[in-house]
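Comments concern the structure below.
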Amino acid sequence: MSRIITYPTPPPAPAPTPIQFPDLRGEWRIAREAARLAIRSPKFLSAPRGAGEPVILIPGWLAPEASMQPLRQLLRLKRYDARHWGMGTNRGDVATYVSSLIPTVRELADKSGTSIPLIGWSLGGVVAREIARNAPAEVRCVVTYGTPVVGGPSYTIASNRYSAADRERIRARIDDRERNNPIRVPIAAVFSRRDTIVSWPACIDRVNPQVTHYEVDATHFSMGLDPAVWLLVLQRIQAAAPKRSGRSSSRSRS
């Protein structure tokens, strides 16, 4: 199991750097983490349990919903109503995904009588964060891993799919949003210095007031099957106090 280092305040980090050539052989430690899950599974028996609350899982860029299925199964075993996001493979259209999912989150919050935890891997974490920004009353907490919060795609393996002008436009839009409408729900931001898909300093959130960073020694791909990350998900969902849904406050931010 990965070690975990907790940073109640943003950890020191150098400037993020562009990703040129990912270490795919190193990234595929995912098989090792899968084996560790089988070995370490008794640790999950004493992990916090839910009471049927909905949880929404959002996959990373170009990843299918099935990439979140192992975590979904664990959450269901722990008595959470864990759900895929319902959008299939993440093709990168963040704005469309956010506008489509906010009504779903609000409806689930209304029906369940509690706010909804959102779990996002990589770009899925960007989607989760933007939902929380625009519907804070309906979101209990956000847990992200390997999620870029600085520079948009500029410091990720997807950078070369965007022109320099597009990267600058996205960066400026992110800066404006963070400055004028910071996220007001608890965020657990997991990062790894072994990540060769997203420059790890780009995962450090220096703006939003309720973020805690967690460093693991998994890779970008293996974070999704790292037992330490899974235990952290369970702990953070449980630690975030549930609150009744309130449409009025969230609508004012939409």
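Only a predicted model underlies this, so the values are computations on that prediction, with no experimental measurement involved.
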So which atom in [X] and which in [Y] form the shortest heavy-atom distance, rounded to 0.1 Å?
{"X": "Arg236", "Y": "Ala188", "result": "CG-CB, 3.8 Å"}
{"X": "Val150", "Y": "Ile204", "result": "CG2-O, 3.8 Å"}
{"X": "Arg184", "Y": "Pro209", "result": "NH1-CG, 3.6 Å"}
{"X": "Pro18", "Y": "Tyr155", "result": "N-CD2, 3.7 Å"}
{"X": "Trp61", "Y": "Arg161", "result": "CH2-NE, 3.3 Å"}
{"X": "Ile170", "Y": "Gly152", "result": "CG2-CA, 4.1 Å"}

Does some side-chain heavy atom of [Y] sit less than 4.5 Å from a side-chain heavy atom of [X]?
{"X": "Val143", "Y": "Leu118", "value": "no"}
{"X": "Leu232", "Y": "Val216", "value": "no"}
{"X": "Thr212", "Y": "Thr6", "value": "yes"}
{"X": "Pro148", "Y": "Pro153", "value": "no"}
{"X": "Ser122", "Y": "Val198", "value": "yes"}
{"X": "Ile197", "Y": "Thr156", "value": "no"}
{"X": "Thr144", "Y": "Arg129", "value": "yes"}
{"X": "Trp121", "Y": "Ile58", "value": "no"}

Examine distances only and state if a side-chain atom of [X] and a backbone atom of [Y] form a donor-acceptor pair shorter than 3.5 Å.
{"X": "Asn180", "Y": "Asp176", "answer": "yes"}
{"X": "Arg133", "Y": "Asn181", "answer": "yes"}
{"X": "Trp200", "Y": "Cys203", "answer": "no"}
{"X": "Arg194", "Y": "Asp217", "answer": "yes"}
{"X": "His213", "Y": "Asp205", "answer": "yes"}
{"X": "Lys78", "Y": "Phe44", "answer": "yes"}
{"X": "Thr96", "Y": "Asp93", "answer": "no"}
{"X": "Asn208", "Y": "Val211", "answer": "no"}
{"X": "Ser67", "Y": "Ala63", "answer": "no"}

From Val126, Val142, Val105, residue fulfilling side chain to side chain contact (heavy atoms under 4.5 Å, CB included) relative to Ile131: Val105

Qualifying residue, where the test is side chain to side chain contact (heavy atoms under 4.5 Å, CB included) with Phe191 and the options are Ser199, Pro201, Pro11: Pro11

How many angstroms lie between [atom1] in [X] and [atom2] in [Y], if you round to the nearest 0.5 Å?
{"X": "Arg167", "Y": "Asn160", "atom1": "CZ", "atom2": "CG", "value": "8.5 Å"}
{"X": "Leu108", "Y": "Ile116", "atom1": "CG", "atom2": "CD1", "value": "5.0 Å"}
{"X": "Gln20", "Y": "Ile157", "atom1": "CD", "atom2": "CD1", "value": "8.0 Å"}
{"X": "Leu45", "Y": "Leu77", "atom1": "CG", "atom2": "CG", "value": "10.0 Å"}
{"X": "Glu168", "Y": "Ser154", "atom1": "CD", "atom2": "OG", "value": "8.0 Å"}
{"X": "Met223", "Y": "Leu71", "atom1": "CE", "atom2": "CG", "value": "14.0 Å"}

Hphob cluster co-occupancy, [X] + [Y], side-chain heavy atoms under 4.5 angstrom:
{"X": "Leu231", "Y": "Tyr80", "value": "yes"}
{"X": "Met87", "Y": "Leu62", "value": "yes"}
{"X": "Ile4", "Y": "Ile237", "value": "yes"}
{"X": "Ile174", "Y": "Val149", "value": "no"}
{"X": "Val98", "Y": "Ile187", "value": "yes"}

Trace of the side-chain contact (heavy atoms from CB on, under 4.5 Å) decision for Ile56 with Ile119: CA-CA 6 Å; Ile56 295 178; Ile119 316 300; over 6 Å; no

Asp226 and Tyr145: CA distance, side-chain angles, deciding distance, side-chain contact (heavy atoms from CB on, under 4.5 Å) verdict: CA-CA 11 Å; Asp226 188 325; Tyr145 35 101; over 6 Å; no

Ser222-Thr219 side chain donor-acceptor pair, cut-off 3.5 Å: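 Thr219 and Ser222 do have a side-chain donor-acceptor pair below 3.5 Å.
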
Pair Ser192, His220: side-chain N/O donor-acceptor within cut-off below 3.5 Å: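 On atom types as modelled, these side chains do not qualify, holding no pair under 3.5 Å.
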
Identify whether the distance between the nearest side-chain nitrogen and carboxylate oxygen of [X] and [Y] falls below 4.0 Å.
{"X": "Glu53", "Y": "Arg79", "result": "no"}
{"X": "Asp175", "Y": "Arg171", "result": "yes"}
{"X": "Arg169", "Y": "Asp166", "result": "yes"}
{"X": "Glu65", "Y": "Arg72", "result": "no"}
{"X": "Arg76", "Y": "Asp81", "result": "yes"}

Residue pair Val94, Leu123: steps toward the side-chain contact (heavy atoms from CB on, under 4.5 Å) verdict: CA-CA 8 Å; Val94 173; Leu123 187 65; 3.9 Å; yes

Verdict with reasoning, Tyr214 to Ile5, per side-chain contact (heavy atoms from CB on, under 4.5 Å): CA-CA 6 Å; Tyr214 299 90; Ile5 302 174; over 6 Å; no

